[in-house]
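Questions regarding the structure given below will be posed in turn.
Atoms within each ligand, like the ligands themselves, are counted from 1 in listed order. Hydrogens, waters and symmetry mates are skipped; everything else that's a heavy atom, side chains included, is used.
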Amino acid sequence: MALRVRPALPVLAVALALAAAATVARAASPAEQTKATKSYVFTLAIGMPEQMWTPAQVRSKHPAGGEVMLKGSMKPGMKMGGSQRHLEVHVRRRSNGRVVVGASPVISVYDTDPKTPMLMYVTVAEMRGVDAGVSDTHYGNNVQLVPGHGYRVTVILNGERVVFRVTV
Ligand SMILES: [Cu+2]
């Protein structure tokens, strides 16, 4: 018995390590795309839902992870669930590479699945990682996306527009 069990363990360990590595890779760089307009460079990232905190909650609870909302709010009625994703857009100024803070981009998500075409506007919050600096400032929210569906994500800032195509 022992002889049969022992060889199985390393295999299982390898499988678990691979699964963990895959999970980490997805979480770190889920679906990241960059596009530029005349004045800005936009980077879209879609990952697993983030815990979002208000500045007051960060001060009182000292959370180890998640993101702090500098402006805006978590979309009301959004439940943490299976097809929820964190959609965020980082914006840099093209002229000097600096992160754009305090902006109000409009972000919309269009489900391109022919059976369920739907346009929704993201309730845009300005946020950054609780343990990150100003350079992590970005815009977005947790949104409901259907795994396997293709989406067109449009970002408009001061009349400049980029369109990303993603599959969740
Ligand atoms: Cu975020």
Original post:
Does any donor atom in the side chain of Asn141 or Thr123 lie under 3.5 Å from an acceptor atom in the other side chain?
Top reply: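 Note: Asn141 and Thr123 side chains miss the donor-acceptor criterion.
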**OP:** Specify which N/O/S atom of Glu88 comes nearest to the Cu ion (ligand 1), by atom name.
**Re:**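 Of the nitrogen, oxygen and sulfur atoms in Glu88, the Cu ion (ligand 1) lies nearest to OE1.
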Subject >> Name, closest N/O/S atom of Glu67 to the Cu ion (ligand 1) >> reply: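 Per the distance ranking, Glu67 contributes OE1 as its closest N/O/S atom to the Cu ion (ligand 1).
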Subject >> Vertex the Cu ion (ligand 1), rays to NE2 in His86 and NE2 in His138 - rounded to 10° >> reply: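 Angle NE2(His86)-the Cu ion (ligand 1)-NE2(His138): 160°, rounded to 10°.
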Original post:
Would a distance-only check, ignoring hydrogens and angles, find a side-chain to backbone donor-acceptor pair under 3.5 Å from Arg161 to Thr154?
Top reply: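 A pair under 3.5 Å: no.
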Original post:
Looking at residues at least two apart in the chain, or sitting in another chain, which of them share a side chain to side chain donor-acceptor pair (under 3.5 Å) with Ser104?
Top reply: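 With neighbours one apart ignored, the set is Lys71.
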Subject >> Set of side chain to side chain donor-acceptor pair (under 3.5 Å) partners for Thr43, sequence neighbours left out >> reply: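 Side chain to side chain donor-acceptor pair (under 3.5 Å) list for Thr43, sorted by chain: Thr34.
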